[in-house]
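In what follows, a structure is listed as C-alpha cells, so that the remarks can point back to it.
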Amino acid sequence: MMALSLNNFRYYAKRYISPTLLNLNVRNIACNSFNYNHEGHRFNKRQSVFLHKNRQYETGRGSAAAWPLSSHRTFLTTPLVANTGSASSKTSVLKLSPQNFIDYLKAENIRRLYLVFDPEEKAVKVSHPGLLEELKLFLLKDKVDFDEHEGIFMQLGKRTNCLLGAFIWRTNRGQACGGIRLWDYADMEAYLRDGLRLGQGMGVKSALAGLWAGGGKGVIQEPPSDNHKDPEFRTSLFYDYGEFLSSLNGCYVAAEDVGLNVSDLDNVHMFTRYTTCISEVKGGSGNPSIATGKGVVCAMEGALDYLNMGTLVGKRIAIQGAGNVATVIVEELLQKGVSHIYVTDCHQIRVTDMRNRFYPKYKDILQVEKVEIDDNSVAGYPCDIFSPCALGNVLNADTIPMINAKIVCGAANNQLGCPADNELLKERGISYIVDFLANRMGIVNCANEVYGRLPDDPAITRHFNKEWENSIFNITNKILKKAEDDNITPVEAANEIADKLSRELHPIWPNRSKQIIKSLVDNEWHLKALI
C-alpha cells in the first residue's frame with residue numbers, strides 16, 4: 001500500500017484496512033481528540049479522506065468515495081443480511097460490492113428502489129420494506145453522513161444494468177442540483193456515504209453562493225471489465241442515466257463531475273431535460289474552469305482586504321497544482337500585479353503546458369516546478385497566500401506547521417484532513433478560506449443554464465464584484481468577521497451562515513421538489529416498468 005503522508009493515516013491504514021478489500025473495518029477512529037458536535041458533523045462530511053484500491057483520494061466535489069477519519073465518529077452500521085447462496089452464507093448488504101448488490105437486486109426482481117425521509121414522522125420510508133429494512137436502520141442510526149436527506153433513488157440501467165443513484169438533500173431553496181459521478185466503489189456503504197456526503201455538500205455550496213438550489217448528487221458505479229471505456233457501452237450508460245433522471249420528474253437536476261465529460265452530459269440530455277453542463281453548441285455553459293479560477297482570486301482579494309493586507313499588487317503566491325483552474329488563477333494573478341508565483345505539480349505535462357503558456361514573458365515572476373506526487377513542500381514556501389489547487393487533505397498536522405503564509409485559499413476540494421487541523425490553522429493565526437466558498441463558481445457557472453445566456457452574464461459576473469452583498473469578496477469578509485467575532489474557525493462560521501441560508505424557501509416554487517418526491521412514492525415509482 002502506498003505511503004500516506006496525512007496525519008495519523010499510516011497508523012490507521014496498517015491497523016484497520018483489510019488486506020483484501022482495503023476497506024476500513026472499524027467504527028471508532030479518533031483524530032487528535034477533537035470532540036464531535038453538530039457543526040463539526042457538517043464539516044466532517046466534507047473534510048474527509050478515503051482509502052481505496054491502494055489509492056488515496058479526496059472526497060466531496062471532484063473526488064471519490066470516502067471513509068471519514070475524524071474525531072470520535074461512530075459508524076453505527078447495522079448488518080444488512082443478504083442471502084448470497086446457501087442458508088449459512090449471509091453477508092451484510094453494506095459490505096456487498098456494488099456489482100454483488102446489483103446481482104442481489106436482480107435476484108429479487110428489483111429494478112428500482114428508494115429510501116425517503118419523512119420529516120413529520122422522523123422516519124425513513126423504503127420501497128421494499130422486507131428487503132431494505134436494514135438500509136433504513138443504517139440511515140436512521142448513522143451520525144456521520146445522513147442528515148435527513150429527502151431522498152435516495154436507485155435504478156438498474158435498462159441497457160447496461162449499471163447501478164444508477166440520485167441523492168437529494170434539503171431542497172428548500174429549489175431543485176436538488178449537483179454533478180454525476182462515475183466511480184468504482186469498494187462496497188455499498190462507500191457508495192451510499194459518498195452520495196450522502198456529496199449531496200449535502202452541494203446544497204451548502206449552492207446556498208452560500210446565493211443559488212436557488214438544493215443539494216443533489218448523482219452516483220454511478222463503474223461497470224466491471226472497464227466497459228465504460230467502450231464508446232458504445234458508454235453512450236448507452238448515459239442514455240440510461242438520462243431516462244433515470246426523467247423518471248424522477250425534476251426533483252434532481254444533474255451536472256458534470258468526476259468521470260464524466262461534456263459528451264457524456266450531451267448523451268444524458270438525449271433522454272432528459274433535467275441536466276446542465278451540456279456542450280455550448282446545445283445551449284450549455286461551457287468550460288467552468290475560467291469562472292472557478294476567477295472566483296478563487298476574488299476570495300484571495302476578500303481575505304487580503306479583511307486582514308488589512310492591501311491588494312494583490314506585489315504579493316507572493318504559492319500554488320499546488322498546475323491544472324486548468326490553477327492556470328486561470330495564474331493568469332488572473334499576473335494581471336493583478338503580483339510580484340512572484342511559485343507553482344508545483346507532479347505531472348510533467350502540466351508543468352510543461354504552464355511554462356509554454358506563460359514563458360518567456362513572465363519567467364521572472366512565475367516559477368513552475370515538477371515534484372513527486374507526495375511532495376507537499378510548496379506549503380512551506382515563503383509567501384502571502386498558499387493556494388492548494390490539486391488533491392485534498394493537504395492541510396494536516398504534517399503540513400500546517402510548515403505553512404509560511406497568512407492566508408490559505410485554493411480551488412482544491414476538502415483541503416483539511418480533519419477538524420483538528422482546522423483548529424491548528426486557527427491557533428497558528430492562518431486565515432483559511434473554505435473551499436466551498438472559494439471554488440463555488442463551478443456550480444454557479446452551470447446552475448442557471450435554463451434561463452438563457454448573455455455575454456458577460458451579470459448572473460455570473462456579480463459574483464466577482466464588490467457591490468453585490470453575496471459576492472465572493474463580500475462573503476469572504478463576512479465569514480472571516482464572524483469567525484473573529486465569535487472566536488470560531490472560518491469553517492464553523494461558513495457552516496452557520498450556509499445552514500441558515502439553506503433553510504430559506506424558494507420565492508416562487510417553495511417545497512416543489514418535496515412535493516415531487518412525495519408523488520413518486522405515492523405513485524409507486526419503484527414499480528413502474530422501465531420505458
Side-chain angles (χ1 to χ4, degrees), residues 12-13 15-29 44-45 48-53 59 64-70 73-117 123-147 149 151-156 161-165 167 183-199 219-224 526:
Y12 293 128
R15 182 168 181 178
Y16 298 121
I17 298 179
S18 160
T20 305
L21 300 177
L22 286 176
N23 268 331
L24 297 177
N25 60 10
V26 293
R27 295 298 175 261
N28 291 292
I29 300 176
N44 288 343
K45 293 179 198 177
S48 45
V49 72
F50 81 104
L51 306 166
H52 177 48
K53 291 187 175 179
T59 73
W67 291 103
L69 299 183
S70 61
R73 300 173 62 182
T74 303
F75 293 170
L76 299 177
T77 303
T78 302
L80 292 168
V81 179
N83 194 336
T84 58
S86 65
S88 60
S89 176
K90 293 184 177 181
T91 306
S92 162
V93 172
L94 287 176
K95 294 307 165 193
L96 290 177
S97 71
Q99 188 57 49
N100 286 339
F101 182 67
I102 291 170
D103 294 339
Y104 168 62
L105 294 179
K106 290 164 68 175
E108 298 292 343
N109 198 30
I110 298 174
R111 302 295 298 183
R112 288 175 170 173
L113 65 92
Y114 67 73
L115 298 100
V116 170
F117 184 73
V124 173
K125 295 182 177 180
V126 297
S127 55
H128 302 78
L131 297 172
L132 301 179
E133 190 70 15
E134 299 296 343
L135 274 178
K136 178 181 78 172
L137 294 177
F138 163 71
L139 294 180
L140 289 174
K141 292 183 178 181
D142 181 65
K143 304 299 181 183
V144 178
D145 295 311
F146 182 70
D147 186 25
H149 286 64
I152 301 170
F153 295 89
M154 295 186 221
Q155 175 175 305
L156 301 186
N161 276 317
C162 286
L163 182 62
L164 318 174
F167 295 75
W183 198 257
D184 184 17
Y185 294 91
D187 57 32
M188 283 306 298
E189 185 171 359
Y191 179 95
L192 290 168
R193 287 193 182 281
D194 205 33
L196 292 169
R197 181 180 305 113
L198 298 174
V219 182
I220 303 175
Q221 167 62 31
E222 279 187 2
H526 62 293

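Bear in mind the structure is a predicted one, so any value in this text is a computation, not a measurement.
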- Could you tell me whether a side-chain N or O of Q221 sits under 3.5 Å from a main-chain N or O of Y185, the two making a donor and an acceptor?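 Yes, because the side chain of Q221 sits within donor-acceptor range (under 3.5 Å) of the backbone of Y185.
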Could you tell me whether the side chain of H526 and the main chain of H128 form a donor-acceptor pair under 3.5 Å? no
Across all chains, not counting sequence neighbours, the side-chain hydrogen bond (donor to acceptor under 3.5 Å, both in side chains) partners of K125 are D118
Applying side-chain hydrogen bond (donor to acceptor under 3.5 Å, both in side chains) to N161 and not counting sequence neighbours gives R111
[X] [atom1] to [Y] [atom2] distance, which is reported to the nearest 0.5 Å:
X	Y	atom1	atom2	result
L135	E189	CG	CD	10.5 Å
C162	Q155	SG	CD	11.5 Å
S97	D103	OG	CG	7.5 Å
M154	L132	CE	CG	8.0 Å
N100	K95	CG	NZ	13.5 Å

Report task. Walk me through it: do M188 and F138 pass the test side-chain contact (heavy atoms from CB on, under 4.5 Å)? Result -> CA-CA 12 Å; M188 283 306 298; F138 163 71; over 6 Å; no
Measure across [X] and [Y] and return the closest heavy-atom pair with its distance rounded to 0.1 Å.
X	Y	result
D145	H149	O-CE1, 3.2 Å
F167	L192	CE2-O, 3.7 Å
L113	S127	CA-OG, 3.2 Å
Y104	L131	OH-O, 3.6 Å
Y191	V219	OH-O, 2.9 Å
V124	L115	CG1-CB, 4.0 Å

Inset, instruction - Look at the rings of F146 and F117 and say which category their plane angle falls in: under 30° parallel, 30 to 60° tilted, over 60° perpendicular. - result: perpendicular
- Could you go step by step and tell me if L139 and L196 meet the side-chain contact (heavy atoms from CB on, under 4.5 Å) rule? CA-CA 10 Å; L139 294 180; L196 292 169; 3.9 Å; yes
Practice task
I would like to know whether L156 and L163 meet side-chain contact (heavy atoms from CB on, under 4.5 Å); could you show each step before the answer?
Solution key: CA-CA 5 Å; L156 301 186; L163 182 62; 4.0 Å; yes
